[in-house]
Asker: 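Here you go, one structure.
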Amino acid sequence: MPPRLRKLIGTVLIIILVLVYALVATTVAAATLGASPWYIHLLYFAATGLLWILPAMVIIKWMEKPEKVRDE
């Protein structure tokens, strides 16, 4: 796969990941943290605010993978 195409696909995947992740994290917070104290909210949003980086790192590593050289 050409590097430009891989980067385009990876960029679209990261945008989709962030949108879906934000919606899910906010929905879970709204459904479960309504009566929780402020520090629980802080811990939850700090953890979920950093957790999306892990799958994004996998996508970025795939995007930056060097192109295979074919022996022809």
Asker: If hydrophobic residues (ILVMFWY) are linked whenever their side-chain heavy atoms come closer than 4.5 Å, directly or via other members, who joins Val58 in its cluster?
Answerer: none
Asker: Rounded at 0.5 Å granularity, tell me how far CD1 in Ile14 sits from CD1 in Ile60.
Answerer: 4.0 Å
Asker: How far does CG of Leu42 sit from OG of Ser36, to the nearest 0.5 angstrom?
Answerer: 12.5 Å
Asker: Would you call Tyr21 and Thr48 a side-chain contact if the rule is heavy atoms closer than 4.5 Å?
Answerer: yes
Asker: What closest approach, in Å, do Phe45 and Ala29 show between heavy atoms, and which atom pair accounts for it?
Answerer: CZ-CB, 3.5 Å
Asker: How would you list, by chain and number, every residue that makes a side chain to side chain contact (heavy atoms under 4.5 Å, CB included) with Ile9, sequence neighbours excluded?
Answerer: Met1, Leu5, Leu13, Trp62
Asker: Let me check something: do Val28 and Leu33 share a hydrophobic cluster, defined by ILVMFWY side-chain heavy atoms less than 4.5 Å apart, either directly or through other members?
Answerer: yes
Asker: Going by heavy atoms in the side chains, are Glu64 and Lys7 under 4.5 Å from each other?
Answerer: yes
Asker: The criterion is side chain to side chain contact (heavy atoms under 4.5 Å, CB included); which residues satisfy it with Ile53, sequence neighbours excluded?
Answerer: Leu50, Met57
Asker: Which residues pass the side chain to side chain contact (heavy atoms under 4.5 Å, CB included) test with Ala56, sequence neighbours left out?
Answerer: Leu17, Trp52
Asker: Does a side-chain heavy-atom distance below 4.5 Å link Arg4 with Leu8?
Answerer: no
Asker: What residues, two or more places apart in sequence or in another chain, satisfy side chain to side chain contact (heavy atoms under 4.5 Å, CB included) together with Leu54?
Answerer: Leu51
Asker: Linking Ile, Leu, Val, Met, Phe, Trp and Tyr through side-chain heavy atoms less than 4.5 Å apart, which residues share a cluster with Leu19?
Answerer: Ile15
